[in-house]
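Working notes, structure below.
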Amino acid sequence: MFSTAFLDLPALQGASGTVTLPGSKSISNRVLLLSALCQGTTVVHDLLDSDDTRVMLAALRQLGCGVEVAGTTVTITGLGGRAWPSEAIEFFMGNAGTAMRPLTAALAVQGGDFTLKGVPRMHERPIGDLVDALRELGCAIDYLGNAGYPPLRIGQPQLQVDKPIPVRGDVSSQFLTALLMALPLAATDRAITIEVIGELISKPYIEITLNLLARYGIAVERHGWERFVIPAGSRYQSPGSIHVEADASSASYFIALGAIAQGDGIRIQGVGADSIQGDIRFMDAAAQMGAKITSGPNWLEINREAWPLKGITLDCNHIPDAAMTLGVMALYADGPTTLRNIASWRVKETDRIAAMATESRKLGATVEEGPDWITIHPLPAGQWQRASIHTYDDHRVAMCFSLAAFNADQVPVRIEDPKCVAKTFPDYFEALFSVAHTAAENIPVICIDGPTASGKGTLASRVAAQLGYHYLDSGALYRVTAHATLQVGLSLEAADEAQIAQLARHLPVRFEGEQVLLNNVDVTDAIRSEQGGMNASKVSVLPAVREALVDLQHSFQRLPGLLADGRDMGTVIFPNAPLKVFLTASAAQRAERRHKQLISKGFSANIDSLRADLEARDARDMSRSVAPFQPAQDALQLDNSSLSIEASVDQVLSWWQGRQVFGA
Ligand code: DC
């Protein structure tokens, strides 16, 4: 996840590949409970790992279900046809509403000696309407705290299923969902009718419930949205295996991406055209605008077809969340796009009509808006502005406007507060970068070259963290090369140059946070020693070794950007970098810093000999024939002898901001 203040998206040019989207929460917990109520085994694929699903899994284990977790695949052996536990069980539901409500219903209908509790907040969340409905059916439920709220105590029911069970529909659709999933347990020999009192809210969620019930063999008869009949003889049947769909509104960004970006198409793994989520209908709108979409079980493939896209007018009432994505597609269309019947946008995380209008205008677009509609005009080449997109703590604004990075003018787009995507899709930008591509010259590199112990590693990695950029410690590559050289019994001298270069070309090195792994072995401490630095300096004078490490260093230049530190980042490896810093500090200062560092790690050290070593190393690095250590002509000098780390970081960031100007 990007937790930076802003994320600068370089101009993007295309996208190809596969993204796997996180599973839908509402589907995950329904599927777990339904699998538990079946006879036999159900393999659940792509389960969402979240607090709510963990609570449900723990409860199912307590009930005696078989639960085997292997990554996102969970195998449930159900309770159907087996004796339910007769001993007293206390369940802890945390704050998981999607576990508490349906479990209460299923346990109450089945009967036993059960207590359901949660965190204090759970004890403030109403459940009275569900309890009333279950009592009407003959279930034995007592409130252990305040009437109408958990904790609850469940006993043996005396079921009376001869009259319709009333349930309120205007408070939470979860009560109806809970009844729909529990009552098949009681409908073995006669039909049971549920009657909804009041206007039913959140109908798409009831559709999800009905759909999943059908997959588990329960064919509920729906009469409008007022009456639901569970037929006599209903019995849960395991589908054998089932995939939890990915969240359909999250898919909209990648459907749009496939329609906008050049490339070999985008494949979305986890949700298909037959999705049971209402927002999947976004794909029809995207197709109307020109996307070519094919689908199979649990996947979608999107290719760019009509270009520019086609402007459309659409009533978006059925896809309020995903429709925002159409607003950004509209910028790439051949005529205006009008999205109608979107009054609900005004009362979401932010006033989304105002947000879409304001931010699109920053990019240069012409936008008209009304109380429940918005018209967005296409933005032709030559008119795109560099904009800093304000995201209003609204995940969808952030995800939508990331798609503006494909603009014809190849201007970058700044997304403020990128972590707001965490609400539904914490790794959204990582997923985007995994399929998006652009020319190397669009991916910014900030070079920080400097002598040993100048603090360039600390500076570069801190600046990288502030910008959300990757980080390359090129010195570590020379250190690892020297380490590998000695390990295989070669010398660090020119005599072995060709063999060392061969080693360097296929260096099995991996960086994991602060750790450096060679052949999966942690060599961090070994290469970070003074001797390790000296050895690195020795192999680094060999031209063939330097050449062998070039491709590896270039491979770090990935979206969204790179901080690279070393000796020749600005001069040789990234000569076109838009910002180069040449970091210096006096030898006395550097020796003192290194001394402190070693002492703090419990090593003994002598300042004078450290200083002599530093100076010897500087001299070798500066005098070698290939890529001698020297400032690039266009490098900015930063002497940090008397600067704090924070002050150095601020200086580099302010230089960078000066070169990356975005309109506010
Ligand atoms: O930055 P460092 O102390 O980890 O670097 C160790 C040695 O590696 C340094 O003395 C010279 C060499 N080096 C280099 O030649 N070119 C680089 N870009 C980085 C390091």
Side-chain angles (χ1 to χ4, degrees), residues 445-461 464 470-486 492-494 497 500-501 503-504 507 509 511 514-516 518 523-557 562-575 577 580-585 587 589-591 593-595 597-598 610-632 635 640:
V445 180
I446 301 175
C447 298
I448 301 192
D449 285 305
T452 192
S454 60
K456 60 188 186 314
T458 309
L459 176 59
S461 55
H470 300 280
Y471 168 53
L472 165 62
D473 168 5
S474 62
L477 301 182
Y478 289 95
R479 288 171 184 256
V480 171
T481 302
H483 186 83
T485 302
L486 296 174
L492 301 168
E493 312 301 328
E497 179 168 0
I500 303 172
L503 268 179
L507 206 59
V509 65
F511 293 87
E514 307 262 285
Q515 282 189 340
V516 187
L518 176 64
V523 293
T524 320
D525 290 340
I527 65 162
R528 294 278 172 230
S529 67
E530 291 305 291
Q531 189 59 47
M534 206 51 116
N535 294 344
S537 175
K538 284 186 186 156
V539 293
S540 76
V541 303
L542 306 173
V545 174
R546 302 201 71 83
E547 182 56 37
L549 287 172
V550 168
D551 286 349
L552 179 55
Q553 295 176 82
H554 283 164
S555 74
F556 281 78
Q557 188 184 5
L562 176 66
L563 257 288
D565 86 43
R567 304 290 189 289
D568 62 344
M569 296 298 99
T571 49
V572 176
I573 304 297
F574 301 109
K580 299 173 187 173
V581 176
F582 192 79
L583 192 64
T584 56
Q589 261 296 338
R590 290 187 283 134
R593 285 181 196 160
R594 181 55 55 87
H595 185 248
Q597 215 176 37
L598 290 171
L610 279 172
R611 178 169 170 171
D613 280 358
L614 288 179
E615 288 180 325
R617 183 126 76 91
D618 289 351
R620 184 190 298 109
D621 294 345
M622 287 161 142
S623 64
R624 66 187 174 217
S625 61
V626 179
F629 171 46
Q630 61 184 38
N640 72 359

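Model, not experiment: these values are computed from the prediction. Values below: all heavy atoms of this structure, side chains included; hydrogens, waters and symmetry mates excluded. Just follow the structure's listing: the first ligand is 1, and inside any ligand the first atom is 1.
Distances below 4.0 Å separate heavy atoms of G566 from the following atoms of ligand 1: 18 (N), 19 (C). Residue T452 approaches ligand 1 through these ligand atoms, each under 4.0 Å from one of its heavy atoms: 3 (O). Residue-ligand proximity, S540 to ligand 1, at heavy-atom distances under 4.0 Å covers atoms 11 (C), 12 (C), 15 (O). The M569 neighbourhood of ligand 1 comprises atoms 18 (N), with distances under 4.0 Å to a heavy atom of that residue. Taking every heavy atom of D568 and a limit of under 4.0 angstrom, the matching atoms of ligand 1 come to 16 (N), 17 (C), 18 (N).
Side-chain contact between L472 and V445 is absent, with no heavy atoms from C-beta onward closer than 4.5 Å. Looking at heavy atoms from C-beta onward, P543 lies in side-chain contact with E497 at the 4.5 angstrom threshold. By the 4.5 Å heavy-atom criterion applied to side chains, Y471 and D565 are counted as neighbours. At a threshold of 4.5 Å between non-hydrogen side-chain atoms, the residues K456 and M569 do not count as touching. Within the 4.5 Å cutoff, the side chain of H483 has no heavy atoms near those of the R479 side chain.
Side chain of R593 to main chain of S454: a donor-acceptor pair is present (N/O by atom type, distance under 3.5 Å, no hydrogens or angles). Remark: side-chain polar atoms of T524 are paired, donor with acceptor, to backbone N or O of V516 under 3.5 angstrom. A donor-acceptor pair is defined here as one N or O able to donate and one able to accept, closer than 3.5 Å; such a pair exists between the side chain of K580 and the backbone of G570.
Considering backbone and side-chain atoms alike, R528 places every N or O at 3.5 Å or more from each N or O of ligand 1. Of the N or O atoms in D565, none lie within a sub-3.5 Å distance of an N or O in ligand 1. Polar contact with ligand 1: present for R479 (N/O pair, distance under 3.5 Å).
Among all protein heavy atoms, the one lying closest to atom 20 (C) of ligand 1 is G475 CA, 3.5 Å. The protein heavy-atom contact nearest to atom 8 (O) of ligand 1 is Y478 CB, 3.6 Å. Considering only non-hydrogen protein atoms, atom 11 (C) of ligand 1 sits nearest to D621 OD2, 3.4 Å. In this structure, atom 7 (C) of ligand 1 lies nearest to the protein heavy atom A536 CB, 3.6 Å. Nearest protein heavy-atom contact of atom 19 (C) of ligand 1 is S474 OG, 3.4 Å.
Residue contacts with ligand 1 include K456, since one or more of its heavy atoms lies under 4.0 Å from the ligand. At least one heavy atom of R546 sits closer than 4.0 Å to an atom of ligand 1. Within the 4.0 Å heavy-atom cutoff, M534 does not count among the residues contacting ligand 1.
Taking the charged nitrogens against the carboxylate oxygens, D568 and R546 do have a contact shorter than 4.0 Å, which makes a salt bridge.
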Please assess D473 against R528 for the test salt bridge (charged side-chain N to carboxylate O under 4.0 Å, His left out), listing each intermediate value before the final yes or no.
-> CA-CA 12 Å; D473 168 5; R528 294 278 172 230; 2.9 Å; yes
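Tested against R590 for a side-chain hydrogen bond (donor to acceptor under 3.5 Å, both in side chains), the candidates D618, T452, N640, T584 yield a single pass: D618.
Distances from atom 10 (O) of ligand 1 to the heavy atoms of R620, E530, R617, R624 show the closest one on R617.
Here R567 has heavy atoms under 4.0 Å from ligand 1 in both its backbone and its side chain.
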